[in-house]
Amino acid sequence: MSNHEFITSVNLNLTEIEKTNVQVFHFVYGGQLYGTLFGLFAKFLKIGPNASGEYLVTGMDLKLLNYQGVLNLGFTKHEDLKYSNGKFDFDVVGESTFDATQTPVMFNTPLVVAKNEPVEIVFSRRLMPLPGFEFDPDDHNPSKPLPPPVPKKSLFDSEFYYRSGEEWYFHELRPGMFGYKEPQTPAFRTMEFPSLRCHQSKVSLSV
């Protein structure tokens with residue numbers, strides 16, 4: 001078992017740069033898909049501090065930044081951005097131009113962040129297939145070729161599939177991919193992240 005943990009810390013006292021009113025977006029998640037390195041940044045919406053120094057965090061604005069690679073990653077749609085019980089789920093897809101939230105993602109219950117009492121959020125990414133490569137998870141079977149032809153798209157979905165000439169196959173699904181089902185192997189089910197291909201991150205909010 002590892003004797004360390006990977007966590008990103010966010011100081012809620014730093015949400016804008018003084019004298020310029022430039023809004024600060026904090027780094028909360030990073031990943032690599034289709035050879036593209038990308039990061040997710042959040043501006044946390046807050047009320048406070050009150051007399052005790054506590055903040056109420058009511059939601060967040062998000063921006064996704066593609067650093068390197070030929071394929072842009074982006075969100076699917078606003079409705080797929082969901083926060084519940086300390087976990088924030090978000091879907092990404094290749095060839096997306098939706099790289100920022102149009103309206104804030106609001107929390108059903110504001111998070112109370114007090115001094116020396118950090119609050120942790122898990123950011124959990126799910127990759128969706130490229131357009132034209134959608135599939136029914138019940139039909140996912142990597143052990144045999146898929147029916148021809150290979151979809152005639154400008155880009156082949158190399159995360160979900162692989163090909164050899166006219167034959168093409170499903171890849172094994174990993175955590176953080178559409179259609180993935182949690183296996184029953186206890187050692188794998190309790191794996192600490194960073195996990196396979198880093199689909200989750202832990203973020204600690206503090207003041």
Side-chain angles (χ1 to χ4, degrees), residues 1-17 22-33 36-50 52-67 73-93 96 98-128 174-178 180 182 188-207:
M1 178 179 293
S2 175
N3 62 353
H4 58 267
E5 191 171 22
F6 297 94
I7 295 180
T8 294
S9 297
V10 170
N11 184 349
L12 292 175
N13 290 312
L14 180 59
T15 55
E16 68 178 25
I17 300 176
V22 173
Q23 301 299 302
V24 172
F25 282 74
H26 294 271
F27 175 75
V28 293
Y29 170 84
Q32 185 170 5
L33 296 165
T36 293
L37 179 65
F38 67 100
L40 181 66
F41 294 80
K43 181 184 73 174
F44 291 92
L45 310 179
K46 65 184 184 182
I47 299 173
N50 61 17
S52 301
E54 296 177 339
Y55 283 102
L56 290 182
V57 181
T58 58
M60 55 189 171
D61 285 320
L62 298 170
K63 291 184 181 294
L64 192 151
L65 179 62
N66 291 283
Y67 285 96
L73 276 296
F75 301 119
T76 50
K77 54 185 180 181
H78 189 81
E79 291 77 10
D80 294 327
L81 306 172
K82 300 175 182 177
Y83 173 84
S84 178
N85 298 322
K87 184 181 175 195
F88 176 68
D89 296 300
F90 64 101
D91 290 351
V92 297
V93 65
S96 171
F98 184 19
D99 59 1
T101 50
Q102 304 303 304
T103 57
V105 178
M106 304 305 294
F107 301 154
N108 291 332
T109 302
L111 308 179
V112 180
V113 184
K115 188 174 182 179
N116 299 322
E117 296 180 15
V119 174
E120 189 174 278
I121 299 178
V122 171
F123 284 76
S124 183
R125 180 267 301 160
R126 183 175 68 161
L127 175 65
M128 304 300 289
R174 307 182 306 273
M177 297 179 74
F178 170 79
Y180 174 79
E182 194 77 13
F188 192 86
R189 190 170 59 246
T190 58
M191 178 188 296
E192 291 293 328
F193 42 81
S195 57
L196 295 177
R197 299 292 295 276
C198 296
H199 71 287
Q200 292 183 326
S201 66
K202 287 182 179 179
V203 177
S204 178
L205 306 182
S206 62
V207 295

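Being a predicted model, the structure only gives us computed values, none of them experimental.
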By side chain to side chain contact (heavy atoms under 4.5 Å, CB included) - contacts of V119 (at least two apart): L111, V113
Would you say the ring centroid of F88 lies under 6.0 angstrom from that of Y83? no
How would you list, by chain and number, every residue that makes a salt bridge (Lys or Arg N to Asp or Glu O under 4.0 Å) with K43, sequence neighbours excluded? D61
Listed by chain and number, what are the side-chain hydrogen bond (donor to acceptor under 3.5 Å, both in side chains) partners of N13, not counting sequence neighbours? N11, Y55
Tell me, please, which residues at least two apart from K63 pass salt bridge (Lys or Arg N to Asp or Glu O under 4.0 Å). none
Could you grab the distance from atom OG1 of T109 to atom CG of N85, nearest 0.5 Å is fine? 9.0 Å
Using side-chain hydrogen bond (donor to acceptor under 3.5 Å, both in side chains) as the criterion, list what pairs up with S96, not counting sequence neighbours. none
Qualifying residues under side chain to side chain contact (heavy atoms under 4.5 Å, CB included), relative to T58, sequence neighbours excluded: L45, I47, M106, P110
Would you say F90 and R125 make side-chain contact, with heavy atoms under 4.5 Å? yes
Scan for salt bridge (charged side-chain N to carboxylate O under 4.0 Å, His left out) pairs involving residues 100-120, sequence neighbours excluded, and state none if there are none. none
Can you list everything that forms a side chain to side chain contact (heavy atoms under 4.5 Å, CB included) with S52? Sequence neighbours excluded, please. N50, E54
Could you list the residues that satisfy ring pair (Phe, Tyr, Trp, His ring centres under 6.0 Å) with F75, not counting sequence neighbours? F98
